[in-house]
Amino acid sequence: MKMWSFTITMLLAVGSLIQPSLGVSLRGCKLDIAFVVDSSSSIYIMDFEKQRSFLRDFINMFETVTDDVQFAAVSFSNRYFDEFRFNTFTSREDILTAADNIRYSAGDATRTYRAINRMRTDLFAPGNGAREDAVHIGVVLTDGGTNPGSYDSYSTLEGKAETQKEARMAKEQDIHMFAIGIGKKYDLEELRGIASDPDEKFVITVDTYEKLNTEHIKTLLACRVCRVRTLGQNQGGPRRSLYASLFDHQMNRPRNLHARQVFPLATSEVQRVCRGNHVDIIFILDESTSIGSQQNFRKELNFVREVSDMFDIGPDMTHVSVITYSNDSQMRFSLNKYTDKPSLENAIENIDWTTGDTYTNKALDLLLTHSLSEVREGIAHIGIVITDGKSTNYDKTRVSAHNVLATGEIEMFSIGIGSAYKPELDMMASKPSSDYVYQIDDLDALESLKNKFAYRVCKEQPDCAAPERCDKYKADIVVVSDSSTSISDTDFVTQKEFIASLVDRYNIGPNGVQIGMLSFSTDAYINFNLSSHGSERELKAAILEVEYMSGDTSTDKALDMMARKAFTTEAGARPNLPKIAIVITDGSPQNQPRTVEMATRAKDEGITIYAIGIGSSVDMDHLKAIASTPAEYYTFMVDDFSSLVEHEDILIKKTCSGPIPTTVQQ
């Protein structure tokens, strides 16, 4: 399975029209989106600017503003202010300017209920531009809870109740409500009351305004509003959004026509298309003896340099890495090493030719264990293997290629020079091969390939189809959840909502995936067994009811109990099916030696362990000691609990693929 599906999009016309700034194609969504924007004094002016920037970029993601997607906004603090209605502006540029000018009132109260009331009774009122045939969306952004101040005769609790009442009435008007909490002081219970169900899809929380203003959060919200009608559904089969259905006819077209542009592409045109792209690109270069000379190897390096030159290189733009291989593989430089164009070009120029045999498998293993652990979330990841012959160990290369593709984290291209072995090129590349495999006569032909290739990479755009489900997979999964004192009760709720969101992606039941849960602090407790809940609804309810305990981080006790009790026949474990544990923790174990011992025992008993570490207190070496082998594949590091959602897709893809092969398959 792939991390991304891609569509072919037309460039917006150049001129006064401002082009969408982010790399997601959003068409086919007929939406009326109303923002309810907190502008109270608890938000610093610089943070409010980041909030404005978030709104502007979010608006700019949609390609059919204002034909299909309309926007309106109200801001609030002690008072509410009408910013603009759905029919106030008729051009993208005017709406973006209005978003830039949302006022910062810095009031001394947070009367959220007044703003939601204004949204539902005015912005969505007949005659103000809202359309009957569009999906109605409300997006509330706030850094705190409702605070009536001295402006109403409500206590704080009464004000919060009034906010819930207004949100409930909005949802009864068929307005789909999203709630975004920012910072450390938002009221999670209030956000959940504002938002539509399920909470894990309609509530988004971030620790800082910097994190709000990231491409991932913008993309996450855009994709969810575009397929809002499917978020609460679960009918046991693959779910298709309205957006995805409208695009089926495009997504099912042969893509090789696009990949194999036959018309000439000027470098200036490719650079124009690639400008502003955020991509992680890993070049994997053959430097074996058969390349022939340093001069020939220089042709591969020139290809790397010239393709890279098409992109904007920067800390928040495109990153480039180079791996070379012959007898061994070498990480010449990693993705985050050179984040400006001059230093990148200098690093490419200084790569030397070493010679040797063609152990392509070693390069793919390095890609898996190193490069894929440092790719950024929410952007395209591209791998490019260049080779001039068959690998020295074909069987190992086949296994290594399978392991890379099974992650679903990367789109793999292969470029064969001269007599390169076509079955192996196909094996290393994403599918279909007609899209991802290039064969050229000699190294000189790389020069003619560079523009077409860069254009192809630049045009890769993720769509917002409903996330892939793991419907045909059968496994027993036990989630081991940290409930120690270092985790706040709010973060524990976020952790549970992440676990509950995983449930939506599996076919839950005795003939599909069974999930049990175990939590730990000073001691470990089985919250429910694998066979306790046979439906998604029951399972999600049980997860959300698990209570926060606090205490020490006795990871060893949790792993011991997991191995001895959670995967037994009495607990509902089934014979001859994968046994998978997902361990989530934010700290180091109290007893590290015993933790390693218990993890090793569990793995020896056939349990595959994924280890997710959250925050800066997690020791990566300790985490890897818990995880299955190779640890880089089975280990995740997450900045904070609100970032868990960023890893949902890849965790699903990995668990659904089953354990990766560690030996050559015959």
S.K.: Hey, what do you get for CG (L55) to CG (N213), rounding to the nearest 0.5 Å?
M.R.: 9.0 Å

S.K.: Could you please spell out the steps behind the side-chain hydrogen bond (donor to acceptor under 3.5 Å, both in side chains) verdict for E162 and T146?
M.R.: CA-CA 9 Å; E162 196 67 18; T146 297; over 6 Å; no

S.K.: Can we say R56 and D100 salt-bridge, meaning some charged N sits less than 4.0 Å from an Asp/Glu carboxylate O?
M.R.: yes

S.K.: Go through the structure and list residues passing salt bridge (charged side-chain N to carboxylate O under 4.0 Å, His left out) with E158, not counting sequence neighbours.
M.R.: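 Residues passing salt bridge (charged side-chain N to carboxylate O under 4.0 Å, His left out) with E158: none at all.
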
S.K.: Assess the side chains of S42 and S40: does a donor N or O sit below 3.5 Å from an acceptor N or O?
M.R.: yes

S.K.: Are side-chain N/O atoms of N147 and T110 paired as donor and acceptor at under 3.5 Å?
M.R.: no

S.K.: With K654 as the cation and F636 as the aromatic partner, state whether NZ or CZ is under 6.0 Å from the six-membered ring centre and within 45° of the axis.
M.R.: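 Yes; both conditions hold, so K654 lies above the ring face of F636.
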
S.K.: Does D47 have any salt bridge (charged side-chain N to carboxylate O under 4.0 Å, His left out) partners at least two apart in sequence or in another chain, and if so, which?
M.R.: K50

S.K.: Enter the distance from I582:CD1 to L518:CG here, rounded to the nearest 0.5 Å.
M.R.: 13.0 Å

S.K.: At their closest point, which heavy atom of C226 faces which heavy atom of L31, and how far apart are they?
M.R.: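 Heavy atoms of C226 and L31 come nearest at CA-CD1, 4.3 Å.
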
S.K.: Any luck finding a side-chain donor-acceptor pair between T163 and E190 under 3.5 Å?
M.R.: no

S.K.: Looking only at heavy atoms, which two atoms of M549 and S519 are closest? And how far apart?
M.R.: CE-OG, 3.7 Å

S.K.: Could you tell me whether D122 and R118 make a salt bridge, using a distance below 4.0 angstrom between a side-chain N and a carboxylate O?
M.R.: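 Yes, D122 and R118 are salt-bridged.
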
S.K.: Answer whether the closest heavy-atom distance between the side chains of Y610 and T635 falls below 4.5 Å.
M.R.: no

S.K.: Parallel, tilted or perpendicular: which one describes the rings of F58 and F71, with boundaries at 30° and 60°?
M.R.: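 Taking F71 first and then F58, their aromatic rings stand perpendicular (interplane angle over 60°).
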
S.K.: Ring centroids only, cut at 6.0 angstrom: are Y154 and Y113 within range, meaning strictly under it?
M.R.: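 Under 6.0 Å, so yes.
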
S.K.: When you check the gap from the basic side-chain N to the acidic O, do D68 and K30 get nearer than 4.0 Å?
M.R.: no

S.K.: Describe, in one word, how the ring planes of F124 and F86 are oriented to each other, choosing from parallel (under 30°), tilted (30 to 60°) and perpendicular (over 60°).
M.R.: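 Rings of F124 and F86: tilted, as their planes differ by 30° to 60°.
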
S.K.: side-chain hydrogen bond (donor to acceptor under 3.5 Å, both in side chains) between D108 and S41: does it pass, once the steps are laid out?
M.R.: CA-CA 6 Å; D108 59 353; S41 59; over 6 Å; no

S.K.: Taking R52 for its side chain and I102 for its backbone only, find out whether a donor-acceptor pair lies under 3.5 Å.
M.R.: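 Pair found, side chain donor or acceptor close to backbone of I102.
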
S.K.: Walk me through whether E545 and K496 qualify under salt bridge (charged side-chain N to carboxylate O under 4.0 Å, His left out).
M.R.: CA-CA 9 Å; E545 288 173 2; K496 290 192 298 181; over 6 Å; no

S.K.: Please check if atom CD in E538 has more than 12 non-hydrogen atoms from other residues, nucleotides or ligands closer than 6.0 Å.
M.R.: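 More than 12 within 6.0 Å, yes.
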
S.K.: If you measure from CG on N117 to CZ on R111, what distance do you get to the nearest 0.5 Å?
M.R.: 11.0 Å

S.K.: Does the side-chain hydrogen bond (donor to acceptor under 3.5 Å, both in side chains) test come out yes or no for Y506 and T655, once each step is laid out?
M.R.: CA-CA 10 Å; Y506 295 109; T655 56; 2.6 Å; yes

S.K.: Any idea which heavy atoms bring K160 and D187 closest together, and the distance?
M.R.: NZ-OD2, 2.8 Å

S.K.: Measure the spacing between CE of M637 and OG of S373 and express it to the nearest 0.5 Å.
M.R.: 11.0 Å

S.K.: Heavy-atom distance under 4.5 Å between the side chains of D197 and F202, does that happen here?
M.R.: no

S.K.: Would you be so kind as to tabulate the donor-acceptor pairs closer than 3.5 Å made by side chains of residues 611-620, with sequence neighbours excluded?
M.R.:
from: D619; atom 1: OD1; to: D621; atom 2: N; distance (Å): 2.8
from: D619; atom 1: OD1; to: H622; atom 2: N; distance (Å): 3.2

S.K.: Using atom types as modelled and distance alone, determine if a side-chain donor or acceptor of Y548 lies under 3.5 Å from a backbone N or O of V493.
M.R.: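 Such a contact is absent between Y548 side chain and V493 backbone.
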
S.K.: Among residues at least two apart in sequence or on other chains, which ones pass salt bridge (charged side-chain N to carboxylate O under 4.0 Å, His left out) with E189?
M.R.: R192

S.K.: NZ of K218 to CG of N60: how many Å apart, nearest 0.5 Å?
M.R.: 10.0 Å

S.K.: Would you sort out whether S484 and S486 count as a side-chain hydrogen bond (donor to acceptor under 3.5 Å, both in side chains), showing the intermediate values?
M.R.: CA-CA 6 Å; S484 59; S486 57; 3.2 Å; yes

S.K.: Locate the shortest heavy-atom distance separating F54 from L212; write the atom from each residue and the value.
M.R.: CD1-O, 3.2 Å

S.K.: Of all heavy-atom pairs between A542 and H533, which one has the smallest distance, and what is that distance?
M.R.: CB-NE2, 3.3 Å

S.K.: Tell me if the OH atom of Y80 is crowded by more than 12 foreign heavy atoms within 6.0 Å.
M.R.: no

S.K.: Can you tell which of L220, L191, I182 makes a side-chain contact (heavy atoms from CB on, under 4.5 Å) with I204?
M.R.: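 One option only clears the test, and that one is L220.
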
S.K.: If you take all heavy atoms of L221 and F178, which pair is closest and at what distance?
M.R.: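 Answer, listing the atom of L221 first, then F178: CD1-CD2, 3.9 Å.
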
S.K.: Apply salt bridge (charged side-chain N to carboxylate O under 4.0 Å, His left out) to K557 and list each qualifying residue two or more places apart in sequence or on a separate chain.
M.R.: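 With neighbours one apart ignored, the set is D523.
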
S.K.: Any side-chain hydrogen bond (donor to acceptor under 3.5 Å, both in side chains) pairs touching residues 170-184, not counting sequence neighbours?
M.R.: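 side-chain hydrogen bond (donor to acceptor under 3.5 Å, both in side chains) check on residues 170-184 returns R120-Q173.
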
S.K.: I'd like to know if the side chain of E83 pairs up with that of S75 as donor and acceptor (distance under 3.5 Å, no hydrogens or angles considered).
M.R.: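 Yes, side-chain donor-acceptor contact under 3.5 Å.
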
S.K.: For R537, I'd like to know if atom CZ has over 12 heavy atoms of other residues, nucleotides or ligands within 6.0 Å.
M.R.: no

S.K.: To the nearest 0.5 Å, what is the distance between CG on N78 and OG on S39?
M.R.: 8.0 Å

S.K.: Compute whether any side-chain donor of one residue and acceptor of the other, for T608 and S628, lie under 3.5 angstrom apart.
M.R.: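 Their side chains do not contain a donor-acceptor pair, so the 3.5 Å distance test is not met.
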
S.K.: Is it the case that the side chains of S77 and S105 hold a donor-acceptor pair, with the cut-off being a distance below 3.5 Å and no angle test?
M.R.: yes

